[in-house]
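Single-structure report; data block below.
Ligands are counted one by one from 1 in listed order, and the atoms in each one are counted from 1 as well. Side-chain atoms are counted along with the backbone in the values below, which use heavy atoms only and exclude waters and symmetry mates.
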Amino acid sequence: MNLCIVNGRIVDPTQNLDAVGELYLAEGRVAAIRAENVSLGEIPAGEWERIDVKGALVMPGLIDLHVHFRDPGFTYKEDMKTGSAAAAAGGFTTVCMMPNLKPVTDTPAAVKDLHSRQEGINALAVGAITMGQKGTELADIKGMKEAGACAISEDGRSVADAGMMLKAFRAAAEADIPVFDHTEDDALLGTEAGEACLAARDLILARDAGAKLHLCHISAKLSLDFIRAAKAAGYDVTAETAPHYFVFDKSRATHGHFKMNPPLRTADDVKAVIEAVKDGTIDAIATDHAPHSREEKEQGYEKAMNGVIGLETSFPVSYTALVKAGHISLFRLVELMSSNGAKILRDENRGTLKVGAAADVAVLDVETPFTVDPAAFRSKGRNTPFAGMEVYGKTLLTVCGGNIVFNDMQ
Ligand code: DOR
Ligand code: ZN
Ligand code: ZN
């Protein structure tokens, strides 16, 4: 059945559109938009299911460049079904799944296996850079790209050997696939310098190889200074941060739910991350959704494993801490959480509500405050630092490829 979302505040920076009206979705695509002074596309004949969203925000489906779904290998933490359900509940229609699984996603067959098990949303495989993420033998990067991998990454760790990383950048350039780069020097683990050193190294190496570099979960002012300078010098680089890095400083790092890698930084770093989100040094907000079991997270800060979940809090936390707080516009947030992700993935059919684009849509209530309650999460993970926070931006409806994948309309 075709779907018509009625009475939505349709916001799409790719068309400079912010108007209350109707969004028509047919055959998995955006068919038409009708609003005051706006008439885009043709409304096809046929039956329409009409959903009145009563003024809620209607935007392109959210895109998360960085999640851990733990499947295969660690399905007690999360699996394809619960991860995808958590994504849909957060308004996400596309996510990129990091390869630190068991087995590691390091072959074309592993990429295909993940894609054959998708559950409602576009869960895209990121291939490993080296076999088994061991850092010694390059994976079949071209083969994984041909199998449908959206990027390559060694996430969870870095490629320590600069020579190996240069080879990887060359292979990625050749295969025309972006590199999602976890930058941390093993010898300087957890420090600002460790993050910035490898960010600087890889800016240089990727430039040398002509590769497309995307820097993951940037948390430190020092790294941002280098990224800003590189962008000004014309380097082909993009960068993401995660909500916990612009909300919390390291004074909160006393409970396992505030432990992740890279770790929370100083109040100055938090300010620098917000500044970078504002001035375009940061291109995307990703979650680094990293579910762990209760036992793995609740035995004190020192023993806790690294990682926090984020899919079901990312939009409301970002909306509240960035838009409501007056740092950025709603347009800019939609870019950071959807349109720019599509650009980084080089997918012209997503991150936009242009006629003909994929019918991937998020409908969110940004007027009514609510309290983050981990007990209500679809994720198996409960390891969130945002529990109890009052936020705006509850998901009401998520549509992926024209199908309703989450519906909390009253
Ligand atoms: O905190 C983290 N958790 N950082 C990583 O790099 C890996 C991730 C995980 O897989 O749990
Ligand atoms: Zn990482
Ligand atoms: Zn990660």
Side-chain angles (χ1 to χ4, degrees), residues 64-79 83 86-87 95-105 123-130 132-133 135 150-160 165 178-186 188-191 194-199 202 213-220 223 239-245 248 250 252-253 255-265 284-298 301-311 314 341 379-386:
D64 191 341
L65 296 172
H66 192 145
V67 305
H68 298 270
F69 275 4
R70 310 301 195 198
D71 184 350
F74 308 95
T75 51
Y76 66 95
K77 300 179 198 251
E78 193 80 290
D79 60 41
V95 301
C96 303
M97 300 179 292
M98 287 300 177
N100 58 339
L101 302 167
K102 205 168 148 189
V104 168
T105 316
L124 307 176
V126 178
I129 294 175
T130 68
Q133 297 189 289
C150 64
I152 57 166
S153 178
E154 204 81 325
D155 193 57
R157 57 173 59 180
S158 299
V159 176
M165 196 59 180
V179 180
F180 288 5
D181 199 5
H182 172 118
T183 59
E184 277 197 303
D185 189 312
D186 289 343
L188 304 171
L189 209 61
T191 65
E195 179 184 290
C197 276
L198 276 210
D202 289 351
L213 175 64
H214 173 72
L215 296 166
C216 295
H217 45 52
I218 293 299
S219 64
S223 318
E240 75 190 28
T241 191
H244 38 275
Y245 299 122
F248 302 119
K250 65 182 184 186
R252 302 297 298 273
H255 186 282
H257 289 179
F258 292 79
K259 185 173 178 183
M260 74 293 292
N261 200 18
L264 297 177
R265 308 280 190 200
I285 295 171
T287 61
D288 200 358
H289 178 82
H292 292 294
S293 71
R294 178 187 292 271
E295 296 68 39
E296 289 166 337
K297 287 303 269 184
E298 295 187 5
Y301 186 80
E302 289 308 320
K303 284 192 181 162
M305 293 189 85
N306 281 305
V308 296
I309 56 171
L311 283 166
S314 189
S379 171
K380 287 186 189 176
R382 294 291 177 267
N383 49 310
T384 174
F386 299 108

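For His214, the ring-ring contact (aromatic ring centres under 6.0 Å, His included) partners two or more places apart in sequence, or in a different chain, are Phe180. Every residue meeting the side chain to side chain contact (heavy atoms under 4.5 Å, CB included) condition with Ser158, not counting sequence neighbours, appears here in chain and number order: His182, Glu184, Leu198. For His66, the ring-ring contact (aromatic ring centres under 6.0 Å, His included) criterion is met by His68, His217, not counting sequence neighbours.
Of the polar atoms of Asn306, at least one N or O is found under 3.5 Å from an N or O of ligand 1, judged by distance alone. The distance criterion of under 3.5 Å between nitrogen or oxygen atoms is met by Gly307 with respect to ligand 1.
Judged by distance alone, the side chain of Arg157 and the main-chain N or O of Gln133 form a donor-acceptor pair under 3.5 Å.
If you check the side chains of His255 and Glu298, you find no donor sitting under 3.5 Å from an acceptor. Using a 3.5 Å distance cut-off with no hydrogens or angles, the side chains of Ser223 and Glu195 do pair a donor with an acceptor.
In Met305, neither the side chain nor the backbone holds a heavy atom less than 4.0 Å from any atom of ligand 1. Contacts with ligand 1 closer than 4.0 Å are made by no heavy atom of Val308, backbone or side chain.
For the pairing with Glu296, the salt bridge (charged side-chain N to carboxylate O under 4.0 Å, His left out) check across Lys259, Lys77, Lys380, Arg70 returns one residue only, Lys77. A side-chain contact (heavy atoms from CB on, under 4.5 Å) with Ser314 is found for one member of Ile309, Ile285, Asp288 and no other, namely Ile285.
Legend: protein N/O/S atoms lying under 2.8 Å from the Zn ion (ligand 2), waters omitted, number 3.
For ligand 1, the atoms closer than 4.0 angstrom to any heavy atom of His182 are 6 (O).
Summarising the contacts of atom 11 (O) of ligand 1 with His68, Arg70, Met260, the nearest heavy atom is found in Arg70.
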